[in-house]
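Quick notes on the structure that follows.
All residue numbers in this chain count up from 1 along the given sequence.
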Amino acid sequence: MKTAVVTDSTSYIPQELREKLNIHMIPLSVIFGNESYKEEIEITAEGFYEEVKHKDLPKTSQPSVGDFVTLFETLKQDYDAIISIHLSSGISGTYQGAVSAGNMVEGITVYPFDSEISARVQGFYVVKAAEMAADGKSPAEIMDKLNEMKQSIRAYFMVDDLSHLQRGGRLSSAQAILGSLLQVKPLLHFENKLIVPFEKIRTRKKAMKRIVDLLAEDAASGEAYEASIIHGNRLEEAQKWKEELEAQLPNVTFGISYFGAVIGTHLGEGSMGLGWVKK
């Protein structure tokens, strides 16, 4: 059985890796005024952070059901099944779009998967699914593995400016105002598919140290973990952090990713995150 793997642009899997693993990507969009750009196709992360320096914060838009139908109809020419992995249904209707399209397209079975998270941590699921599909594993085996991974996946992130999350409706006004007044760098995470505060910490340095402590607690078992440092236009800081973490946690493999245009719209420049999963 030949299985296709689909994800959306917010998993931020580099194009060369998508091509190598035969991952099909459907983009979300950012909209500056009357101009709409498909993330990762028509606007890069670097281009986005440059644009927002001299423009109002854009709006974001999920793929239409029609976009999914078109992709699924194309894939059914060569595949028997589709695993479609998307950002948390609590912050976007993208997953529901895949569900609706899967019910509309005949001649192929679509298995939608709600990652309940986003960014490169969502990508952990996508890469694993693509590797298993390439090995000829069945859709049921792949879905079982993804659900197993969900038990060990963790991600925490810190934002420099809460106003983006508040304006985008991803955080309440009261939480944003309180954080700004106290100069708090709240640690955020996904809980029940939504972005919620995990802990309130006063400085950036302490917030990042707290994330490392949380990873170290899991890694203390000695088992192998894969982790990704995720940055909002802070590559040098991410590279330095990676060197420190590799020396500190030898049983964890670290990569570096980024918050692209869509997630960057909600988190803002300067955000830093760390996500991990048991290998």
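In K209, the NZ atom is not crowded: 12 or fewer heavy atoms of neighbouring residues, nucleotides or ligands sit closer than 6.0 Å. Around atom CD of E217, more than 12 heavy atoms belonging to other residues, nucleotides or ligands sit under 6.0 Å away. For Q77, the CD atom sits in a packed shell: over 12 heavy atoms of surrounding residues, nucleotides or ligands are nearer than 6.0 Å.
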When you look at H231 and S271, which way does the side chain to side chain donor-acceptor pair (under 3.5 Å) test go after all the steps? CA-CA 6 Å; H231 67 92; S271 302; over 6 Å; no
When you look at E73 and T70, which way does the side chain to side chain donor-acceptor pair (under 3.5 Å) test go after all the steps? CA-CA 5 Å; E73 288 281 2; T70 300; over 6 Å; no
Step by step, work out the side chain to side chain contact (heavy atoms under 4.5 Å, CB included) result for L71 and L75. CA-CA 6 Å; L71 176 59; L75 290 175; 4.0 Å; yes
For side chain to side chain contact (heavy atoms under 4.5 Å, CB included), just list the numbers for D8 and L87, CA-CA rounded to whole Å, side-chain angles, deciding distance to a tenth of an Å, and then say yes or no. CA-CA 7 Å; D8 58 74; L87 76 162; 3.6 Å; yes
Candidate pair F198 and F190, rule side chain to side chain contact (heavy atoms under 4.5 Å, CB included), full reasoning: CA-CA 9 Å; F198 176 71; F190 279 86; over 6 Å; no
List the steps, then state whether side chain to side chain contact (heavy atoms under 4.5 Å, CB included) holds for V252 with L245. CA-CA 9 Å; V252 183; L245 292 175; over 6 Å; no
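Not counting sequence neighbours, F124 has no partner by the ring-ring contact (aromatic ring centres under 6.0 Å, His included) test. For E244, the side chain to side chain contact (heavy atoms under 4.5 Å, CB included) partners two or more places apart in sequence, or in a different chain, are K240, W241.
Atoms CG and NE2, from L214 and H189 in turn, are 10.0 Å apart once rounded to the nearest 0.5 Å. A distance of 13.5 Å separates CD1 of I83 from NZ of K137, quoted to the nearest 0.5 Å. The line from CD1 of I229 to CD of E237 is 10.0 Å long, rounded to the nearest 0.5 Å. The line from CD1 of I211 to CG of L187 is 5.0 Å long, rounded to the nearest 0.5 Å.
Among K145, Q151, K150, the one residue that satisfies the side-chain hydrogen bond (donor to acceptor under 3.5 Å, both in side chains) test with E148 is K145. A side chain to side chain contact (heavy atoms under 4.5 Å, CB included) with T94 holds for exactly one of P63, S61, S118; it is P63.
Annotation: cation-pi geometry not satisfied between K242 and F254 (NZ/CZ under 6.0 angstrom from ring centroid, within 45° of ring axis). For the pair K59 and F32, the cation-pi criterion (under 6.0 Å, within 45° of the ring axis) is not fulfilled.
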Show me, pair by pair, the donor-acceptor contacts under 3.5 angstrom made by side chains of residues 272-279, not counting sequence neighbours?
from : atom 1 : to   : atom 2 : distance (Å)
W276 : NE1    : D218 : OD2    : 2.9
K279 : NZ     : T253 : OG1    : 2.8

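Taken together through direct or relayed side-chain contacts under 4.5 Å among Ile, Leu, Val, Met, Phe, Trp and Tyr, I153 and I91 form part of one hydrophobic cluster.
A salt bridge between D78 and K2 is absent, with no side-chain N of the basic residue lying under 4.0 Å from a carboxylate O of the acidic one. R234 and E269 are joined by a salt bridge, as a carboxylate oxygen and a charged side-chain nitrogen come within less than 4.0 angstrom of each other. Taking the charged nitrogens against the carboxylate oxygens, E42 and K38 have no contact shorter than 4.0 Å, which rules out a salt bridge.
Minimum heavy-atom separation, A219 to N251: O-ND2, 3.0 Å. Counting all heavy atoms, side chain and backbone alike, D114 lies closest to S88 at OD1-CA, 3.4 Å. Shortest non-hydrogen contact noted between T3 and A133 is O-CB, 3.6 Å. Shortest non-hydrogen contact noted between P58 and T265 is O-CG2, 3.3 Å. When all heavy atoms are compared, the tightest approach of G102 to F72 is N-CE1, 3.9 Å. Closest heavy-atom contact between Q122 and I85: NE2-O, 3.7 Å.
A donor-acceptor pair under 3.5 Å is formed between the side chain of R18 and the backbone N or O of I13. Looking only at distances, a side-chain donor or acceptor of S9 sits under 3.5 Å from a matching main-chain atom of L28. A donor-acceptor contact shorter than 3.5 Å links the side chain of E39 to the backbone of A261. Side chain of E141 to backbone of S138: a donor-acceptor contact under 3.5 angstrom is found.
In this structure, N22 and V5 have side chains that are not in contact, with every pair of non-hydrogen atoms separated by 4.5 Å or more. Inter-residue side-chain proximity for I230 and V121 is flagged as met; some heavy-atom pair is nearer than 4.5 Å. Side-chain contact between L188 and M158 is absent, with no heavy atoms from C-beta onward closer than 4.5 Å. Counting heavy atoms from C-beta on, the side chains of N147 and F113 come closer than 4.5 Å. Between D80 and T109 the shortest side-chain heavy-atom distance does not fall below 4.5 Å. Taking the side chain as every heavy atom from C-beta outward, P139 and M1 approach each other to under 4.5 Å. The shortest distance between side-chain heavy atoms of V262 and V30 falls below 4.5 Å. Contact check for S92 versus Q62: side-chain heavy atoms found under the 4.5 Å cut-off.
Using cut-offs of 30° and 60° on the angle between ring planes, the pair Y258 and Y12 is tilted.
For an aromatic pair to be called close, the ring centres must be under 6.0 Å apart, and F68 with H86 satisfies this.
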